[in-house]
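First listed ligand is number 1; within each ligand, the first listed atom is number 1.
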Amino acid sequence: MRRLPPVLIEDGCSRELVSLIRTILAACKEISFRVGQGALSGVLGSTLDENIQGETQKKLDVLSNQLLKDILLESGYVKAIASEEEDYTVAGNPKANYIVAFDPLDGSSNTDINSLVGTIFSIMEAPEGSDPSDPAIFMQPGHKQVAAGYVLYGPSTMLALSTGKGTRLFTLDKTHGSFLLTQDFAAIPEDTKEFAINASNQRHWTPAMQNYIADLLEGETGPRGKNFNMRWIAAMVGDVHRVLCRGGLFTYPEDRKDPNKPFKLRLLYEANPMAMLIEQAGGIAHTGRERILDIQPEEIHQRVGVILGSKHEVEACLTYHK
Ligand SMILES: O=P(O)(O)OC[C@H]1O[C@](O)(COP(=O)(O)O)[C@@H](O)[C@@H]1O
Ligand SMILES: [Mg+2]
Ligand SMILES: [Mg+2]
């Protein structure tokens with residue numbers, strides 16, 4: 001089976017980009033080990049702290065962030081980093097050409113129940129002559145990503161990665177510590193009978209989303225003329241992985257629960273990298289108003305609505321939003 005570095009070199013990635021991706025994966029292997037040890041490594045449960053977004057940090061959120069941050073900054077391959085768990089961007093090597101935004105542990109409420117979690121990352125080029133300590137360096141639309149991926153810590157540890165030449169899936173061989181190519185080009189089926197949404201927010205959704213989901217729930221006697229199944233892992237990384245493997249529609253839509261926070265998922269380190277992986281596998285990633293990868297970011301922790309997955313189903317959902 002083919003290992004990761006030769007695949008990236010064949011795709012024409014620069015040596016520096018290959019080294020940067022390998023550096024991220026070195027940290028992810030360590031996170032995978034700590035997650036796998038569970039209660040044995042004393043890292044379950046919450047800290048007494050909150051991040052800048054007002055969310056209680058899990059011990060594993062803090063640990064994963066520290067591992068990624070230390071390894072990336074020591075490597076010299078990054079000019080700056082942005083993380084869900086860092087209030088502000090952090091400057092790296094001024095001579096480096098790339099910047100990385102990451103969610104060190106996605107779905108971290110799942111850590112205490114031994115369920116799916118993962119790390120999501122997005123790599124962009126640093127604009128020439130940019131100041132590594134200026135957050136403006138990250139204000140680039142997602143279509144400028146040169147690589148995006150996630151590492152899923154499940155029964156096996158898997159990497160989904162795109163450098164703009166399709167989306168590939170790798171599995172970590174824990175006996176050798178290498179990521180081996182296990183699916184060359186993921187292709188999301190265009191049609192699906194599966195959707196994923198946190199239905200407890202139903203009363204807060206926009207009328208468009210209320211109507212769309214209501215029609216799905218009516219099944220074969222309703223306007224869609226077929227029965228749908230529902231899945232919810234409560235970790236975007238797990239839900240998106242299922243969509244990449246067998247299709248489906250995943251959404252965390254706009255809602256009116258809290259007028260100051262109409263969206264849940266973060267653009268730079270959740271929506272953008274997942275949108276690139278989904279589009280590169282033939283799917284669609286949209287907010288209901290626009291293509292996610294075309295959004296011009298305004299701040300590093302910006303949130304957006306997300307509707308992604310199987311082409312025809314996302315298109316069907318979007319017709320309700322016109
Ligand atoms: O609690 P809910 O509404 O099910 O939200 C789950 C969503 O929140 C998230 O866990 C947010 O990510 P973090 O765990 O990194 O904060 C998503 O992965 C997931 O889709
Ligand atoms: Mg997350
Ligand atoms: Mg997180």
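Which parts of ligand 1 touch Asp103 is read off a 4.0 Å heavy-atom cut-off, strictly below it: atoms 15 (O). Which parts of ligand 1 touch Leu105 is read off a 4.0 Å heavy-atom cut-off, strictly below it: atoms 15 (O). With ligand atoms numbered from 1 in the order given, ligand 1 contributes 11 (C), 12 (O), 13 (P), 15 (O), 16 (O) to contacts under 4.0 Å with heavy atoms of Arg266. In summary, the atoms of ligand 1 found under 4.0 Å from a heavy atom of Ser108, numbered by their order in the structure, are 14 (O).
Remark: minimum distance from atom 14 (O) of ligand 1 to any protein heavy atom is reached at Gly107 N, 2.9 Å. The nearest heavy-atom contact from the protein to atom 6 (C) of ligand 1 is Ala234 O, 3.8 Å. Considering only non-hydrogen protein atoms, atom 4 (O) of ligand 1 sits nearest to Trp232 NE1, 3.1 Å. Nearest non-hydrogen protein atom to atom 3 (O) of ligand 1 is Tyr252 OH, 2.5 Å. Closest protein heavy atom to atom 19 (C) of ligand 1: Met236 N, 3.5 Å.
Leu244 and Tyr153 fall into different hydrophobic clusters, where Ile, Leu, Val, Met, Phe, Trp and Tyr side chains are chained together by heavy-atom contacts under 4.5 Å. Both Val151 and Val35 are part of a single hydrophobic cluster, where members link through side-chain heavy atoms under 4.5 Å apart.
Shown here for Gly247 and Ile188, the closest heavy-atom pair between the two residues is CA-CG2, 3.8 Å. Pairing each heavy atom of Thr157 with each of Ser32, the nearest pair is OG1-OG, 2.9 Å. What you find for Gly309 and Val314 is that their closest heavy atoms are N-CG2, 3.4 Å.
Among the heteroatoms counted here (N, O or S) of Glu270, OE2 is the one nearest to the Mg ion (ligand 2).
Near-neighbour remark for the Mg ion (ligand 3): protein N, O or S atoms under 2.8 Å are Glu84 OE1, Asp103 OD1, Leu105 O; waters not counted.
Ligand 1 has no N or O atom lying under 3.5 Å from any N or O atom of Ala235, backbone or side chain. Between Asp106 and ligand 1, a contact under 3.5 Å exists for at least one N or O pair.
Between atom 7 (C) of ligand 1 and the options Lys264, Met274, Lys257, the minimum heavy-atom separation is to Lys264. Here the shortest heavy-atom distance to atom 11 (C) of ligand 1, taken over Lys58, Glu270, Glu84, Glu85, belongs to Glu270.
Taking the six-membered ring wherever Trp is involved, the centroid distance between the rings of Phe170 and Phe179 does not fall below 6.0 Å. Aromatic ring centroids of Phe250 and Trp232 lie under 6.0 Å apart.
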Practice problem: With side-chain contact (heavy atoms from CB on, under 4.5 Å) as the test, would you mind laying out the steps for Tyr98 and Val146 before giving the verdict? | Solution: CA-CA 9 Å; Tyr98 296 103; Val146 292; 3.9 Å; yes
Exercise. Please test Arg34 against Lys59 for side-chain contact (heavy atoms from CB on, under 4.5 Å), starting from the C-alpha separation and ending with a verdict.
Key: CA-CA 11 Å; Arg34 304 290 184 97; Lys59 288 183 194 164; over 6 Å; no
Self-check item: Test log, rule salt bridge (Lys or Arg N to Asp or Glu O under 4.0 Å), inputs Asp215 and Arg224
Solution: CA-CA 7 Å; Asp215 284 355; Arg224 299 300 306 279; over 6 Å; no
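The distance from the NZ atom of Lys29 to the CD1 atom of Ile24 is 13.0 Å, given to the nearest 0.5 Å. In this structure, NE2 in His301 is found 11.5 Å from CD in Glu270, a value given to the nearest 0.5 Å.
Looking at Thr119, Val240, Val237, Leu116 one by one, the single match for side-chain contact (heavy atoms from CB on, under 4.5 Å) with Asp106 turns out to be Val237.
Residue Asn198 touches ligand 1 through its side chain alone, judged by heavy-atom distances below 4.0 Å. Of all the heavy atoms of Leu265, the ones lying under 4.0 Å from any atom of ligand 1 belong exclusively to the side chain.
For the pair Asp61 and ligand 1, no heavy-atom separation below 4.0 Å is found.
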Taking distance alone, no hydrogens or angles, what donor-acceptor pairs closer than 3.5 Å link side-chain atoms of residues 126-133 to residues at least two apart or in another chain?
| from | atom 1 | to | atom 2 | distance (Å) |
| --- | --- | --- | --- | --- |
| Ser130 | OG | Lys79 | NZ | 3.4 |
| Ser130 | OG | Pro127 | O | 2.5 |
| Asp131 | OD1 | Ser133 | N | 2.9 |
| Asp131 | OD1 | Ser133 | OG | 2.9 |

